[in-house]
Structures are given as C-alpha cells and as structure tokens.
2 protein chains.
Amino acid sequence: MNVKETVDIQRASQILKLLSDKTRLTMMKLLSSHECCVCEFVEIFKMSQPAISQHLRKLRDIELVKEERRGQWIFYSINCEHEEYMLIKSILDQLPEQDESIHELKKQGLRISCN
Amino acid sequence: MNVKETVDIQRASQILKLLSDKTRLTMMKLLSSHECCVCEFVEIFKMSQPAISQHLRKLRDIELVKEERRGQWIFYSINCEHEEYMLIKSILDQLPEQDESIHELKKQGLRISCN
DNA sequence: TGTGTATATAAGTATATTATTATATACTAC
DNA sequence: GTAGTATATAATAATATACTTATATACACA
C-alpha cells in the first residue's frame, strides 16, 4: 500500500486555516508531546472555557485531535493516524517546544495528566 | 553561522494564515516552479485583476514573494531567501504540482514568462 | 438525590477577510 | 502628446472568525 505523497490543495488550505490561529497552533504543538485536558488549556492560555472548547471542537471536527473521557475530564491528544499527518507533523516539528507551559502548570499543581 | 531550526509560533501562524487561502496557496505552489505575472494569475484563477493584486500584495507584504518589473509586466517569484523559507518549502513540497495551469496558459497563447 | 466540577453548545457581537466596482498609476507604442 | 495595456489602490459589501455571556450536559461524590 502506498503512502500518499501530496495533499490536495483544497484539503491543505483547510488544514492550514485551522493551524493558522495562534492559539490552535500552540495547542497542537503542546498536544504533539503532551496529552492535555480542557481546563489545562484554559489555565495555559488564560482564555475562557468556551473559547478553548470551541477551538478544540474545530480541531476535532477535521480529526486533527482525538478526545478521550476519563471520569470528569476529557483528554485531548494528537491524531497521528490523520490522513494528512505528514503535513501536520512537518509544520509542528518546526515550532519551538512549549514545555515551559506544562512545567508552569505542574509548578502550580494544576497539571492533570501524567505525561 | 547557524541556521534557525524553529519558527516563533506568532510568526508561523502569520505565515500559515497567508498560505491558508486556497488561491494564495496555489499561487505559491505555482511560483515555486514558475515565475508568473499578474495577468497570468487572472487567467488561471478566473478572478478579477484587483482580487489577484490584493492576494499578491499580502504575499509581498511579508516577503513570501518578490516582484520585478519588466516593461509592462510585473513578474512575481518565490522569495527563497525568506527567513522562514524552510517552513514554507516543507509545506509547498507536499502539494501536487500545478503545471497543468501553465500548460493550459501556453496552449491558449497567454503565457508571458519563458520558464 | 443534590451539589460541585468539567466540558459543550447556543446566541450574539466585534473584528477580520475576501471579494467587487471605481479609479489611479506606470509603461508601451504610435 | 494620446490610446491601450498591465497593475495597484481605495471604498465598500458580504461573509467568516473568534470572542463573550448564558445555559445545558456529564460525571463525581457525599
């Protein structure tokens, strides 16, 4: 089975549009190495919970991220099986690590996930 | 001298936003292998001349493309010296070739440039 | 069951984006 | 100079986007 080498322009622009928002792009970079739940993003971005939820919904709608409920929380993670994951990864790989936000969360005792 | 390995998120999202428009993304892919002038784009995209000019202006404003006047025409080309060219190229490389549009232009005798 | 916490959705608003039409500018050729 | 072609810019209108506030839903635990 062949791996697809190129991405339809229509499709690519749809993905780029979603990634072109600073908040969503940072979310994706964070998710590329750490699972996060909604309340962590609210803390990291200092944004309202509905605003965060709506960004995540957009990412979820085209399946850039996966969600998994664990008890009270819903954990988001990168969907590595995305058909255009190569494109997505090649972009995220060129962004600086966002570990500082995660460390900050931990320091404040607000980190939920373990990774 | 070191080559920069990562792109500031703010900067990356600015670039992605410009590339996320279907017309501009196609323009950039075309320009990555062919110089083009404004009237060629008007023909290719079947859009008004001001609409094309405004897209090119946005690309030019953050120096994704260069312009060069030759007589009546202004030729646009990719700016390979762009500070974030790696990011840009890695995206364009994953898009399908758009040579068909150029062949179509030539067939109709509307191609201006030689490449 | 009731209360608290986490998340999602709906409706509304402010702002950004992309087109259009009208007009200006720059060059060519007579 | 004038006419024609190529391109840019300005003003405007339609649409899309990203927030806000209010409310609904889902789970935890006493």
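The model shown is predicted, which means the values in this text are computed figures rather than measured ones. Here is the naming used below: chain letters follow the sequence lines, and residue numbers restart at 1 for every chain.
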Chemist: Would you classify Lys17(A) as touching base, sugar-phosphate or nothing, given that sugar-phosphate means primed atoms plus P, OP1 and OP2, and contacts are heavy atoms under 4.0 Å?
Modeler: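 Touches sugar-phosphate only.
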Chemist: Ignoring backbone atoms, test whether Arg57(A) places a side-chain nitrogen or oxygen under 4.0 Å from the OP1 or OP2 oxygen of dT7(C).
Modeler: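 False: Arg57(A) side-chain N/O out of range (4.0 Å or more) of dT7(C) OP1/OP2.
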Chemist: Rounding to an integer number of Å, can you tell me how far Lys58(A) NZ sits from dA16(D) P?
Modeler: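 Whole-Å distance recorded here is 12 Å.
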Chemist: Between Ile74(A) and Gln54(A), which has a closest nucleotide on DNA chain C that is more 5'?
Modeler: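 On the 5' side of the pair lies Ile74(A).
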Chemist: If I compare all heavy atoms of Ala51(B) with all of Met47(B), which pair ends up nearest, and what's the gap?
Modeler: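 Shortest heavy-atom contact: CB-CE, 3.5 Å.
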Chemist: Out of dT7(C), dT9(C), dT9(D), which nucleotide sits closest to the side chain of Pro50(B)?
Modeler: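 Shortest atom-to-atom distance from the side chain points to dT9(D).
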Chemist: Take atom CG of Leu56(B) and atom P of dT9(D), then tell me their distance rounded to the nearest Å.
Modeler: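 Atom CG in Leu56(B) sits about 11 Å away from atom P in dT9(D).
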Chemist: Applying a 4.0 Å non-hydrogen cut-off, can you work out what Glu40(A) is touching in the nucleic acid: base, sugar-phosphate, or nothing?
Modeler: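 If one applies the 4.0 Å heavy-atom cut-off, Glu40(A) turns out to touch nothing in the nucleic acid.
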Chemist: Would you compute the distance between atom CG of Asn79(B) and atom CD1 of Ile88(B) and round it to the nearest 0.5 angstrom?
Modeler: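 Taking CG in Asn79(B) and CD1 in Ile88(B), the distance rounds to 8.0 Å.
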Chemist: Could you pull out the closest heavy-atom pair between Arg11(B) and Glu84(B), with the gap in Å?
Modeler: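 Between these two residues, the closest heavy atoms are NE-OE1, 2.8 Å.
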Chemist: Which is more 5' along DNA chain D, the nucleotide nearest Gly71(A) or the one nearest Ala51(A)? Just name the residue.
Modeler: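 Here Ala51(A) is the residue nearer the 5' end.
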Chemist: What's the CZ-P distance between Phe45(B) and dT7(D), to the nearest Å?
Modeler: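 After rounding, the gap between these two atoms is 14 Å.
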Chemist: Round to a whole Å and report the spacing from CG of Leu16(B) to P of dA16(C).
Modeler: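 Interatomic distance, CG of Leu16(B) to P of dA16(C): 19 Å.
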Chemist: Tell me which nucleotide among dC19(D), dG4(D), dT9(D) gets nearest to the side chain of Gln72(B).
Modeler: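 Of the options given, the side chain of Gln72(B) lies nearest dG4(D).
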Chemist: Do the non-hydrogen side-chain atoms of Met28(A) and Val65(A) ever get within less than 4.5 Å of each other?
Modeler: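 Result yes, sub-4.5 Å side-chain heavy-atom pair found.
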Chemist: Is there a donor and acceptor pair, one atom on the side chain of Gln49(A) and one on the base of dA8(C), closer than 3.5 Å?
Modeler: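 Indeed, a donor on one side and an acceptor on the other fall under 3.5 Å apart.
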Chemist: Starting at atom CZ of Phe75(B), determine the distance to atom C1' of dA8(D), rounded to an integer number of angstrom.
Modeler: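 Rounding to the nearest Å, CZ of Phe75(B) and C1' of dA8(D) are 17 Å apart.
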Chemist: Given atom CD of Glu43(A) and atom C1' of dA6(C), what is their separation to the nearest angstrom?
Modeler: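 Taking CD of Glu43(A) and C1' of dA6(C), I get 14 Å after rounding.
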Chemist: Of all the nucleotides listed (dT18(C), dC19(D), dA8(C)), which has the minimum atom distance to the side chain of Arg24(B)?
Modeler: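 Among dT18(C), dC19(D), dA8(C), the one nearest the side chain of Arg24(B) is dT18(C).
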Chemist: Can you check the Ile52(A) CD1 to dT20(D) C1' distance for me, whole Å?
Modeler: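 One finds 14 Å between C1' of dT20(D) and CD1 of Ile52(A), rounded.
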Chemist: Expressed as a whole number of angstroms, how long is the span from Lys46(B):NZ to dA19(C):P?
Modeler: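 Whole-Å distance recorded here is 16 Å.
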Chemist: What's the separation between atom CG in Leu25(A) and atom CG in Leu95(A), rounded to the nearest 0.5 Å?
Modeler: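 Reported to 0.5 Å precision, the distance equals 5.0 Å.
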Chemist: OP1 or OP2 of dT17(C) sitting under 4.0 Å from any side-chain N/O of His55(B)?
Modeler: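 His55(B) to dT17(C) OP1/OP2: no side-chain N or O under 4.0 Å.
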Chemist: From the options dA6(D), dA8(D), dC19(D), select the nucleotide whose nearest atom is closest to the side chain of Ser53(B).
Modeler: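 Nearest to the side-chain atoms of Ser53(B), counting from C-beta on, is dA8(D).
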Chemist: Does a side-chain N or O of Tyr76(A) approach OP1 or OP2 of dA6(C) to a distance below 4.0 Å, or not?
Modeler: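 No, outside the criterion.
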Chemist: Please state whether the phosphate of dA6(D), meaning OP1 or OP2, lies under 4.0 angstrom from any side-chain nitrogen or oxygen of Arg70(B).
Modeler: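 For dA6(D), OP1/OP2 do not have a side-chain N/O of Arg70(B) under 4.0 Å.
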Chemist: Do Leu59(A) and Tyr76(A) touch side chain to side chain, with heavy atoms closer than 4.5 Å?
Modeler: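 Result no, sub-4.5 Å side-chain heavy-atom pair not found.
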Chemist: Answer yes or no: does a side-chain N or O of Arg69(A) lie under 4.0 Å from OP1 or OP2 of dA26(D)?
Modeler: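 It does not, given that no N or O in the side chain of Arg69(A) lies less than 4.0 Å from OP1 or OP2 of dA26(D).
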